[in-house]
Chemist: 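This is the structure I want to talk about, given as structure tokens.
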Number of protein chains: 2
Amino acid sequence: MSSAWQDEVAAATQAGRRISDRFIVDKVRQAVLAQRLPPGTRLPEVTLGEVFGVSRSVVRKALTRLAADHVITQQPNQVARVRAPSVEETRETFAARRLVEGEVAALLAGQLDAETLATLEAHVDSEARAHAAGDEPSRIEHSLAIHHLLAERSPNRVLGAMLTDLVLRTSIVIALYKHSGVASCYLADDHPALLAHLARGEPEAARRCIHDHLHALERLLDLGPRETRIDLMAILGQGEAL
Amino acid sequence: MSSAWQDEVAAATQAGRRISDRFIVDKVRQAVLAQRLPPGTRLPEVTLGEVFGVSRSVVRKALTRLAADHVITQQPNQVARVRAPSVEETRETFAARRLVEGEVAALLAGQLDAETLATLEAHVDSEARAHAAGDEPSRIEHSLAIHHLLAERSPNRVLGAMLTDLVLRTSIVIALYKHSGVASCYLADDHPALLAHLARGEPEAARRCIHDHLHALERLLDLGPRETRIDLMAILGQGEAL
DNA sequence: GCCAGCATTTCTGTATACAAACTATTCGGT
DNA sequence: ACCGAATAGTTTGTATACAGAAATGCTGGC
């Protein structure tokens, strides 16, 4: 489990930054997003504590926050595990994100300052370049940055925070259910089109653009026959939980 | 601060139920909703621990969860305090709830089984009776039960969970900004009308009903001139935080 | 060879101790 | 009388110890 964390911890401690729960939350989140911690991975408190060089108190706080962010599951007297959202929850997460991000995009149309638009443009370009170069991690990073910036700039901060959460959860399930045949969930025209609608101030077009984009993304996933296996797992495992 | 909690704690411990973080979270939430803990109230860990008869470990976990639920604020090295959402956040919370609850209602139209409809009907009736009798706490309880049941029955569980959170936050700001002149935020016709649309299976009518209901509710609040005072407080207090 | 029951080991739940940070008060100077 | 600094008092941050629950592995019987 330690993987590359040890180095980061060493670097951070040398830099004088104290390791806090925030640090652990970020690192685990990133690791889950990068699929370095696959769903179902056990996350014992002592082990995490040793990895990050802190005691269980700090780890516990981090785990509680990760559970609130839907990144892990925490059942009483049981080891925390990386969450594995079901196919059904995946569909529902996409639907929720369509609703929220569509509204945010509509609110944002025509309201973005030049600097933000330029930053978005830069991310779109970088994403295209990364895709062309076959650098998938970099492409994902820029794609996430686009949607994260939309959430941050949302005039309605409550919706913005909800969108941040949904973007994270969507990314996790994309990594989880990505069709093995498809190398990358990249839709070349969607982000540029969205940006154009936002810049031109067309709320409903922007909303529709988000809807189509997310529908297309969901269609790229492999949400088919695995359902039965997961159901069996749930039933034979611990059906009464939750 | 102890107020009536001591009794509840005693009753719970006698009943053999162990006091856990869940218990504390529920009690604090209810107390905030009932305005027994006004916004800004300090919640020191040791004090809460003494009230509930547990140590700081349990209290800390409860506080972390309450912070995740937007009930309290937790800044480093500072006492946890009951959150006092600003006027701006109040407006944004209402807007977010309109979006989410409107969608949930639309999804739910024509999909509710007879039993759920009957339960909803019962709550609507009880709410009207409580209002007629001037029993405001009971009225609020039934009103909350209606919206909470909608959130629970949402076909999209992700949206349902988000709605549960938004209903709680809306209730808190209603209690906070209720116009002093208005005794009760009760709109006699809204809930029955919503129920009719849900029963008859009219998605868009149900959505519009929710929108109108929440707009009317927001208009009943006193969201006027206080804004300047809050801004001054924030600026003179700790402007650079968050 | 297979299964039930028990022992061991692992892990979480909770309490407590000590250190660091923040708050408030008081005292001295102007 | 007012302002600033030092100090006493709270309150949180973190580590650690012990108890209880759950999972794992082992042994004995069939």
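Owing to the predicted nature of the structure, the values given are computational and were not obtained by experimental measurement. Protein chains get the first letters and strands the later ones, always in sequence-line order, with residue 1 at the start of each.
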Chemist: If you check every side-chain atom of E45(A), which of dT12(C), dA15(D), dT12(D) has the closest atom?
Modeler: dT12(C)

Chemist: Provide, to the nearest angstrom, the distance between the CG atom belonging to D21(B) and the P atom belonging to dT12(C).
Modeler: 15 Å

Chemist: So, using salt bridge (charged side-chain N to carboxylate O under 4.0 Å, His left out) as the criterion, who are the partners of R81(B) when residues are at least two apart?
Modeler: none

Chemist: Strictly below 4.0 Å: does Q78(A) bring a side-chain N or O up to OP1 or OP2 of dA21(D)?
Modeler: no

Chemist: Which pairs pass ring-ring contact (aromatic ring centres under 6.0 Å, His included) with one or both residues in residues 62-105 of chain B, sequence neighbours excluded?
Modeler: none

Chemist: Is it true that R139(B) and E136(B) have a side-chain N and a carboxylate O under 4.0 angstrom from each other?
Modeler: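 Yes, R139(B) and E136(B) are salt-bridged.
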
Chemist: Report the end-to-end axis angle of the helix from dG1(C)-dC30(D) to dT30(C)-dA1(D); each axis comes from five terminal pairs, and the value is rounded to 10°.
Modeler: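 It works out to 10° between the end axes.
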
Chemist: The criterion is side-chain contact (heavy atoms from CB on, under 4.5 Å); which residues satisfy it with V167(A), sequence neighbours excluded?
Modeler: R97(A), L144(A), H147(A), L163(A), S171(A)

Chemist: Rounded off to whole Å, could you give me the CD-to-C1' distance for the Q74(B) and dG13(D) pair?
Modeler: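 Distance, rounded to whole Å: 12 Å.
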
Chemist: Nearest whole Å is fine: how far is dG13(C) P from F23(B) CZ?
Modeler: 19 Å

Chemist: Looking at S55(B), does any N or O in its side chain come under 4.0 Å of the phosphate oxygens OP1/OP2 on dA15(C)?
Modeler: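 Answer yes for this pair, as a side-chain N or O of S55(B) is under 4.0 Å from OP1 or OP2.
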
Chemist: dG13(C) phosphate, OP1 or OP2: any side-chain N/O from R56(A) under 4.0 angstrom?
Modeler: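 No, because none of the side-chain N or O atoms of R56(A) sits under 4.0 Å from OP1 or OP2 of dG13(C).
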
Chemist: Got a sec, which residues hit side-chain contact (heavy atoms from CB on, under 4.5 Å) with L66(B), two or more places apart in sequence or on another chain?
Modeler: V25(B), V28(B), L63(B), V71(B), I72(B)

Chemist: For DNA chain D, find the residues of residues 58-73 of chain B with a heavy-atom distance under 4.0 Å and give them by number; none if there aren't any.
Modeler: R60(B)

Chemist: Between S57(B) and V46(B), name the one whose nearest nucleotide on DNA chain D is closer to the 5' end.
Modeler: V46(B)

Chemist: Does anything in residues 151-164 of chain A pair up under side-chain hydrogen bond (donor to acceptor under 3.5 Å, both in side chains), and if so which pairs, sequence neighbours excluded?
Modeler: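 Residue pairs passing side-chain hydrogen bond (donor to acceptor under 3.5 Å, both in side chains), neighbours aside: T116(A)-R153(A).
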
Chemist: Nearest 0.5 angstrom please: E101(B) CD to M162(B) CE, how far?
Modeler: 12.0 Å

Chemist: Let me know the distance between CG of L48(A) and C1' of dT12(C), rounded to the nearest Å.
Modeler: 13 Å

Chemist: Can you measure R81(B) atom CZ to dT23(C) atom C1' for me and round it to whole angstrom units?
Modeler: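 Value for this atom pair: 12 Å.
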
Chemist: Between P on dC11(C) and CG on N77(A), what's the gap in Å once rounded to a whole number?
Modeler: 14 Å

Chemist: Give every residue pair that meets the ring-ring contact (aromatic ring centres under 6.0 Å, His included) criterion with at least one member in residues 154-175 of chain B, sequence neighbours excluded.
Modeler: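 Listed by first then second residue: nothing to list.
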
Chemist: Identify which nucleotide among dT12(D), dA15(C), dT12(C) has an atom closest to any side-chain atom of V79(B), counting heavy atoms from C-beta outward.
Modeler: dT12(D)

Chemist: Could you tell me the separation between the CD1 atom of I24(B) and the C1' atom of dT14(C), rounded to a whole number of Å?
Modeler: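 Spelled out: CD1 on I24(B) to C1' on dT14(C) is 12 Å.
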
Chemist: Go through the structure and list residues passing salt bridge (charged side-chain N to carboxylate O under 4.0 Å, His left out) with R98(A), not counting sequence neighbours.
Modeler: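 Expected list: E218(A).
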
